[in-house]
**Student:** 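Structure in structure tokens, see below.
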There are 2 protein chains.
Amino acid sequence: MSSTAKCSPHEPGDKQNDKPDNAANHKRNHEEPMSTTPQSMPRRATITDVAREAGTGKTSISRYLNGEISVLSPELRARIEAAIARLDYQPNQMARGLKRGRNRLIGMLLADLTNPYSIEVLQGVEAACHALGLMPLICHAANEVEMERRYLQLLTTYRVEGVIVNATGVREETLRPVGGGGIPAVLVDRLVDGLVADMVGLDNRAAAELGTRHLLDNGFDDIWFVVQPFEQVSSRQLREAAFRETMSARHAEGGNSGGEGAARGHTLVLNLADAGEVERGLAELDRAIDAAAGAAGKPARIALFAANAPVALRLALHLKARYGADWQARAALLSIDDPDWAELTGVTTIRQPTYEIGYRAVEFLHERIEGIQTTARDCLLPGELIVRASTLR
Amino acid sequence: MSSTAKCSPHEPGDKQNDKPDNAANHKRNHEEPMSTTPQSMPRRATITDVAREAGTGKTSISRYLNGEISVLSPELRARIEAAIARLDYQPNQMARGLKRGRNRLIGMLLADLTNPYSIEVLQGVEAACHALGLMPLICHAANEVEMERRYLQLLTTYRVEGVIVNATGVREETLRPVGGGGIPAVLVDRLVDGLVADMVGLDNRAAAELGTRHLLDNGFDDIWFVVQPFEQVSSRQLREAAFRETMSARHAEGGNSGGEGAARGHTLVLNLADAGEVERGLAELDRAIDAAAGAAGKPARIALFAANAPVALRLALHLKARYGADWQARAALLSIDDPDWAELTGVTTIRQPTYEIGYRAVEFLHERIEGIQTTARDCLLPGELIVRASTLR
DNA sequence: CTGTTAGCGCCTTCAG
DNA sequence: CTGAAGGCGCTAACAG
């Protein structure tokens, strides 16, 4: 019944010509049409207006605005304050920016807003910007290289003083205008091949090792590391490599702690962007799980190590669909990233210090903007293992 | 093991006071300036540079930039294009903005980035901006009125052409500079008391009614509507009111469809920001659940209707902690908003057309910016009921 | 202490 | 078709 739009929903792509009329049938009745046009909006006061109002020159106003208050006679200062208040004056950042060559804007380029990781980092960025008097321009590349390029372009067009980049994962050329030769930049989570710049992110090697050892220590001897295509993304590479190395290290140490024989490690690549591939990958996993189950009446010894939250979610959804509510009895799940639902479903995770990462990134960038001159720095923050029922037996 | 930071993590709260002075000192003490900006970053080309390079005047360049190409001789045009390419010239948005009085910037004020709703809306906003040649400045008020005020201030300082506001839910005065008399604004999800402005959001009444009827139709006769404090937030108000009305309407129609007697409806307010209150509220819920269970060996007849995802999550976490993995046998959960984990846990939801909401909001704003003159418009989009195991019996 | 004078990079009449 | 001149709002030398 009542599930029709009270105003025609937007159809991406279709130009609707019905704007005026649908507005009519909603009544929050305001008699006078609200006017937003030039004439009704009384042009904000400028520094000149204030100067006139205060009976002084623009310079003094400017001085006042820039905190050189000690240089102004108390009397003048009072007049200025009064004038500013009276006119509700607010300096125009664009104009100041134009003049001094710095507008306090920085760009934040996100590969994927859909990933909770991005959001959390964003909060750190946001907080740090606030503390440092910077203003972040957020751009969402939606995992498309072309978008990334365009946004970067746009950002330089706005003359941002620096950029924080969580790259979609591609060759350096896309980021040409940035880093070394161009405007200051700091990378988040992942490196970009030929690009020298500061970077801050998770200590991937340590995290992957931590997770793998946890699984091993809890007696899982068949571990699948599931990860999105990682050729282009350094963080994924590192995680995968550390996983394999830890597996073989343990092997060398003499099998798992249970002493029942060597643990096997597999890497499964899941391209979430391609339904077909995902299908195939999951099928492979299913075979492994079924085989493990068929072996004995004992509890599952197979574990899935998801390289990040999106992968973990995909896995969980699949397992749930295939094995029902009790899917965790069939396979243990461990994930890097600690999404909402982990606590709810009892999935073990390695939480990234996302807020810190964002905050640090801005601090680094700020230093660069201020002109600090150092070789590119890396900041690797540790992950925190949060053990939940999923990986305990 | 190796879980120490490879670089000192940021301590939130420690103010470093060494920014201004050490920068200055260094410059004075060493002959070679360590500043990055001057020589290493070769100052972007300006329109004047291009003009010189092309052997023409700035005017022609400007014309070219503004698409008045038909007015230029092919020959000149070619020279200009060459010069632009050679210098890698990109027009300075700030400067153009200063001149023409519009900088294509709009503000997006979010009450709570933590809420998946905000993120999804953001994506719609982002897409629409892209399509309309606007650039969104994202601000996160973190549910604090003061933040909201400061950001709004900041935004006007950057002379944004309009604002999209998902208010923390307060009196109009905070938003004084916006709407009617000030810069164009459109509200998202919720109204702000004395403020006349366009608004786009969910059709709350219809959604709440839809959910309530679904519960009723599935035989639940003890329904708890759980919502955050709603005095200040219009959307919550509407949902709660619609819930109650639907309950009494059904009552009047002659009890629930099961015919076993009148269904009872309760409203529980859960202030997520206050652990103590949450504790108390949940305890009340527990009593109700236990009572319902004690009544008979039959399946639970009690249902929880969460007014939004954060509430639903809180409820689910609590129930899981209290009743274990099988918590859904004790109480059905239905939520407005459709978060990730709903599918995973089989919780029924009412999905908001978040992307649309964001997209529409920008379209409205754009129209205002272009000077459209109408009374404040409301755009109510329908929610979609997604039935999952949780509410089926 | 305070005001005057130049522009920052760009657009926009207004004359060639 | 093309260029010169003035100014958007603000800051930064220079004088007083």
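Throughout, a chain's letter reflects where its sequence line sits, starting with A, and its residues are numbered from 1. In this text the structure is predicted, and so the values were computed from the model without any measurement.
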**Student:** Side-chain donor-acceptor pair under 3.5 Å between B/Tyr64 and B/Glu81, yes or no?
**Tutor:**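 Present: a donor and an acceptor within the cut-off.
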**Student:** Quick one: the side chain of A/Lys99 and the base of C/dG7, do they pair up donor-acceptor inside 3.5 Å?
**Tutor:**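 Side chain to base: pair present.
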**Student:** What's A/Tyr89 touching, base or sugar-phosphate or nothing? Going by heavy atoms closer than 4.0 Å.
**Tutor:**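 Touches sugar-phosphate only.
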**Student:** Rounded to whole angstrom units, what separation is found between the CZ atom of B/Arg44 and the P atom of C/dC10?
**Tutor:**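 Whole-Å distance recorded here is 10 Å.
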**Student:** Which atoms form the tightest heavy-atom contact between B/Ala141 and B/Thr168, and what is the distance?
**Tutor:**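 Smallest heavy-atom distance, with atoms named: CB-CG2, 3.9 Å.
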**Student:** Between A/Ile106 and A/Met135, is a side-chain contact (heavy atoms from CB on, under 4.5 Å) present by the stated rule, with each step listed?
**Tutor:** CA-CA 6 Å; A/Ile106 69 170; A/Met135 182 79 173; over 6 Å; no
**Student:** Take the protein atom CD of A/Glu75 and the nucleotide atom C1' of C/dT2, then report the distance between them rounded to whole Å.
**Tutor:**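 Rounded to the whole Å, the gap is 12 Å.
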**Student:** Can you measure A/Tyr158 atom OH to C/dC8 atom P for me and round it to whole angstrom units?
**Tutor:**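 For the pair A/Tyr158 OH and C/dC8 P, the rounded distance is 22 Å.
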**Student:** Any carboxylate oxygen within less than 4.0 angstrom of a Lys/Arg side-chain nitrogen, looking at A/Arg44 and A/Asp88?
**Tutor:**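 Yes, A/Arg44 and A/Asp88 are salt-bridged.
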**Student:** So B/Thr46 and B/Val50, do their side chains get closer than 4.5 Å, heavy atoms only?
**Tutor:**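 Counting from C-beta outward, B/Val50 and B/Thr46 never come under 4.5 Å.
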**Student:** How would you give the extent of chain A contacts on DNA chain D, as first and last nucleotide 5' to 3' within a 4.0 Å heavy-atom cut-off?
**Tutor:**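 Extent of the interface on DNA chain D: D/dG9 to D/dC14.
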**Student:** Of the nucleotides C/dC10, C/dG3, C/dT13, which has the atom closest to the A/Leu76 side chain?
**Tutor:**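 Of the candidates, C/dG3 comes closest.
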**Student:** Can you sort out the partners of B/Lys99 under side-chain contact (heavy atoms from CB on, under 4.5 Å), two or more places apart, ordered by chain and number?
**Tutor:**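 Scan of B/Lys99 (side-chain contact (heavy atoms from CB on, under 4.5 Å), adjacent residues dropped) gives none.
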**Student:** Using atom P of each nucleotide, how far apart are D/dG6 and C/dT5 to the nearest Å?
**Tutor:**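 Here D/dG6 and C/dT5 have their P atoms 15 Å from each other.
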**Student:** What contact category does B/Leu72 fall into here, base, sugar-phosphate, or nothing, at under 4.0 angstrom with non-hydrogen atoms?
**Tutor:**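 The answer is sugar-phosphate, as B/Leu72 gets under 4.0 Å only of primed atoms, P, OP1 or OP2.
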**Student:** Round to a whole Å and report the spacing from CD1 of A/Ile47 to C1' of C/dG3.
**Tutor:**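 Rounded to the whole Å, the gap is 13 Å.
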**Student:** Could you list the residues that satisfy ring-ring contact (aromatic ring centres under 6.0 Å, His included) with B/His366, not counting sequence neighbours?
**Tutor:**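 So B/His366 forms no ring-ring contact (aromatic ring centres under 6.0 Å, His included) with any residue.
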**Student:** Which of residues 51-60 of chain A sit near DNA chain C, with a heavy atom under 4.0 Å from it?
**Tutor:**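 Per residue number, the list reads A/Thr56, A/Gly57, A/Thr59, A/Ser60.
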**Student:** Where each residue is assigned the nucleotide of DNA chain D containing its nearest heavy atom, which of B/Arg79 and B/Ala95 is assigned the position nearer the 5′ end?
**Tutor:**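 With B/Arg79 and B/Ala95 compared, the 5'-side residue is B/Arg79.
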**Student:** Using both pair distances under 3.5 Å as the test, note the stems of at least 3 consecutive Watson-Crick or G-U pairs that include DNA chain D.
**Tutor:**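 The stems are C:1-4 with D:13-16, C:6-16 with D:1-11.
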**Student:** I'd like to know if A/Arg63 reaches the base of C/dG3 with its side chain, counting only an N/O donor and acceptor under 3.5 Å.
**Tutor:**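 By the distance-only test, yes, there is a pair.
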**Student:** Let me know the distance between CG of B/Asn103 and P of C/dC11, rounded to the nearest Å.
**Tutor:**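 Atom-to-atom, B/Asn103 to C/dC11, this comes out as 13 Å.
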**Student:** For B/Tyr151, check ring-ring contact (aromatic ring centres under 6.0 Å, His included) against everything at least two apart and list the hits.
**Tutor:**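 In terms of ring-ring contact (aromatic ring centres under 6.0 Å, His included), with neighbours along the sequence ignored, B/Tyr151 is linked to A/His130.
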**Student:** May I ask you to test the A/Glu144-A/Arg150 pair for a side-chain heavy-atom distance under 4.5 Å?
**Tutor:**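 With C-beta onward as the side chain, the pair stays apart.
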**Student:** Would you indicate whether the side-chain heavy atoms of B/Tyr89 and B/Ile47 approach each other to under 4.5 Å?
**Tutor:**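 Of all side-chain heavy-atom pairs linking B/Tyr89 with B/Ile47, at least one is under 4.5 Å.
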**Student:** Any side-chain heavy atom of B/Ile369 within less than 4.5 Å of one from B/Arg104?
**Tutor:**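 Yes. Closest side-chain heavy atoms under 4.5 Å.
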**Student:** Charged N to carboxylate O under 4.0 angstrom, A/Arg368 versus A/Glu363?
**Tutor:**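 Answer for the salt bridge query: no.
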**Student:** According to a strict under-4.0 Å criterion, is B/Asn66 in side-chain N/O contact with OP1 or OP2 of C/dC11?
**Tutor:**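 Checking C/dC11 against B/Asn66, a side-chain N or O does come within under 4.0 Å of OP1 or OP2.
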**Student:** What is the distance, rounded to the nearest whole Å, between atom CD of A/Glu68 and atom C1' of C/dC1?
**Tutor:**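 Distance, rounded to whole Å: 12 Å.
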**Student:** Rounding to a whole Å, what distance do you find between A/Ile61:CD1 and C/dT4:P?
**Tutor:**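 After rounding, the reported distance stands at 13 Å.
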